[in-house]
Colleague: 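Mind looking over this structure? Questions follow.
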Amino acid sequence: MTANVTRLSGDDWEAWANLLLSQHYGPTDYQRVPAKDRGDGGIEGFCRSKREAFQCYGCEEPISVEERYKKQRDKMTADIQKFIDNKLVLQALFGQLKMKRWVFFVPHFDSKEIVAHAARKAQEVIDAGLPYVDDDFCVVVCQETDFAVARDQLINATSQGLKFKTASITTEDVNAWTQSNDVMLGVLKSKIDKLPTLRTQVQRDAFVIKVLHWYLSGQALLDRLREYPQVYEKVIETKSHREEFLAMGALNDSASNVVVRETIKDFKDTLKREAKELHDFCADQLAYEAVADWLIRCPLEFPEVANG
């Protein structure tokens, strides 16, 4: 099984998009509109000075161009209708402002049909004669790369690179994982049994726990990295690429413990080249997570060695 590169979707994309917009326009110019209190009226937020309202949408990926267009089209249709219908809510939000743009902000779009659909929806809004819509109103489709400067500013906010403090993995966390993943636990144990440097069952059991700590800690870090989709995708893509060549590495005559050590070092070095935005500590953590994941899921194998 090879890891897939996935774009942010749902709430994850909305949170990231709001960060980008706030960075781009400034926190006092971009006003986020929370949806928890009786909905958002068809917008995620708006820029006061530009008089632009934003709706952010990220569909589940990977999908085809046609499927992406249909999902984006249907979402735009539904939210433009909210923008028309929720007059009282939106008037209260905008005050005296008249919106010039309703911007459909997505991670990526690749069909001209969604642009044509936006033009049709703009006419519907104009025809509705809304008090918070300007005469030259239009509907625009934007994607993440259109805000590349703001994205890079967020990612490179620290000269040392992105660094996260994740919660320590507890015995309870490890136990919860082992209880619901008995098959993968069995695979991991069978591989650890091949490590000749672990001569007793106590040593082997302790190393299994250590590998699970690597895995769960790294998974927690990956969850945090989803807030920075450009970096997250680089990490997943690098891991997927390296995984394709693990079988070749297992064909050599290296001892199992050497395979583990060299695989960790090789992946970290590759990750530092491909995702320069990462702090060194994070690259370490993700390298150990990758090796743990490969041991659990099967891509990383060891030669047979009899253990006493």
Side-chain angles (χ1 to χ4, degrees), residues 7-58 75-76 79-80 82-83 86-109 118 125 130-134 136-166 221-234 275-279 282:
R7 296 183 182 276
L8 291 188
S9 61
D11 292 343
D12 291 331
W13 166 249
E14 290 173 9
W16 172 245
N18 271 312
L19 279 175
L20 282 177
L21 294 169
S22 183
Q23 179 71 22
H24 179 78
Y25 291 111
T28 60
D29 200 11
Y30 178 72
Q31 176 63 62
R32 186 174 66 88
V33 178
K36 290 185 177 180
D37 183 12
R38 291 165 288 180
D40 56 18
I43 62 170
E44 211 74 57
F46 61 95
C47 173
R48 293 183 175 87
S49 64
K50 298 290 186 181
R51 290 186 283 162
E52 295 173 344
F54 287 83
Q55 182 57 287
C56 310
Y57 173 64
K75 176 64 173 174
M76 181 187 289
D79 285 331
I80 283 290
K82 290 181 185 177
F83 188 73
N86 288 282
K87 295 185 181 69
L88 294 178
V89 172
L90 293 172
Q91 266 193 289
L93 290 173
F94 298 143
Q96 299 300 312
L97 295 176
K98 290 194 173 188
M99 293 296 112
K100 289 179 170 290
R101 306 282 185 271
W102 186 92
V103 185
F104 192 55
F105 188 20
V106 295
H108 174 69
F109 73 96
V125 174
L130 301 168
Y132 44 84
V133 169
D134 210 345
D136 61 351
F137 177 85
C138 65
V139 175
V140 179
V141 187
C142 287
Q143 61 186 9
E144 185 190 27
T145 53
D146 297 326
F147 293 85
V149 173
R151 178 193 65 197
D152 294 344
Q153 287 171 340
L154 284 172
I155 290 171
N156 297 308
T158 167
S159 60
Q160 292 183 311
L162 290 172
K163 184 179 179 182
F164 300 94
K165 182 174 178 59
T166 54
L221 175 55
L222 284 171
D223 282 343
R224 292 292 308 277
L225 268 180
R226 288 179 66 86
E227 299 170 16
Y228 300 87
Q230 184 191 33
V231 182
Y232 175 80
E233 289 182 11
K234 286 181 182 179
K276 296 181 177 68
E277 302 90 342
L278 286 173
H279 190 280
C282 289

Colleague: I'd like to know if the side chain of D146 reaches the main chain of Q143, judged simply by a donor and an acceptor atom lying under 3.5 Å from each other, with no hydrogens or angles considered.
Modeller: yes

Colleague: Does D12 have any salt bridge (charged side-chain N to carboxylate O under 4.0 Å, His left out) partners at least two apart in sequence or in another chain, and if so, which?
Modeller: R226

Colleague: Do Y25 and F46 have ring centres separated by under 6.0 Å?
Modeller: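 No - the distance between ring centres of Y25 and F46 does not fall below the 6.0 Å cut-off.
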
Colleague: Please report the C-alpha distance between K50 and R101 in whole Å, then the side-chain angles of each, then the deciding distance to 0.1 Å, and finally whether the side-chain contact (heavy atoms from CB on, under 4.5 Å) criterion is met.
Modeller: CA-CA 8 Å; K50 298 290 186 181; R101 306 282 185 271; over 6 Å; no

Colleague: Got F137 and V125 here, is their nearest side-chain heavy-atom distance under 4.5 Å?
Modeller: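 F137 reaches V125 side chain to side chain.
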
Colleague: Just verifying a value: how many Å separate D11 CG and C56 SG, rounded to the nearest 0.5 Å?
Modeller: 11.5 Å

Colleague: Compare every heavy atom of V103 with every heavy atom of C142, then report the nearest pair and how far apart it is.
Modeller: SG-CG1, 3.8 Å

Colleague: Yes or no on side-chain contact (heavy atoms from CB on, under 4.5 Å) for M76 and V141, after CA distance, side-chain angles and deciding distance?
Modeller: CA-CA 10 Å; M76 181 187 289; V141 187; 3.9 Å; yes

Colleague: I'd like to check W16 versus R151 (side-chain heavy atoms, cut-off strictly below 4.5 Å). Are they in contact?
Modeller: yes

Colleague: Hey, what do you get for CG (L130) to CG (N86), rounding to the nearest 0.5 Å?
Modeller: 10.5 Å

Colleague: Would you say F54 and N18 make side-chain contact, with heavy atoms under 4.5 Å?
Modeller: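 F54 does not reach N18 side chain to side chain.
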
Colleague: May I have the step-by-step check of side-chain contact (heavy atoms from CB on, under 4.5 Å) for E144 and W13, ending in yes or no?
Modeller: CA-CA 10 Å; E144 185 190 27; W13 166 249; 4.0 Å; yes

Colleague: Under 6.0 Å between ring centres, would you say that holds for F147 and F105?
Modeller: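 Aromatic pair counts; centres sit under 6.0 Å.
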
Colleague: Are K234 and Y228 side-chain neighbours, meaning at least one heavy-atom pair lies under 4.5 Å?
Modeller: no

Colleague: Nearest 0.5 Å please: distance from the CG atom of L93 over to the CD1 atom of I43.
Modeller: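 The distance works out to 5.5 Å.
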
Colleague: Are Y30 and H24 packed together at the side-chain level, in the sense that at least one heavy-atom pair is separated by less than 4.5 angstrom?
Modeller: no

Colleague: Would you compute the distance between atom OH of Y232 and atom CZ of R224 and round it to the nearest 0.5 angstrom?
Modeller: 14.5 Å

Colleague: If the condition is salt bridge (charged side-chain N to carboxylate O under 4.0 Å, His left out), which residues does R48 pass it with, not counting sequence neighbours?
Modeller: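 Applying salt bridge (charged side-chain N to carboxylate O under 4.0 Å, His left out) to R48 gives none.
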
Colleague: Do Y132 and K87 come close enough that some side-chain heavy atom pair is under 4.5 Å?
Modeller: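 They are in contact (side-chain heavy atoms under 4.5 Å apart), so the answer is yes.
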
Colleague: Between CZ of R32 and CG of L21, what distance do you get to the nearest 0.5 Å?
Modeller: 11.5 Å

Colleague: Determine whether V133 and F83 make a side-chain contact, defined as any pair of heavy atoms from C-beta on separated by less than 4.5 Å.
Modeller: yes

Colleague: Measuring from atom CD of Q91 to atom CD of Q96, what distance do you get when rounded to the nearest 0.5 angstrom?
Modeller: 9.0 Å

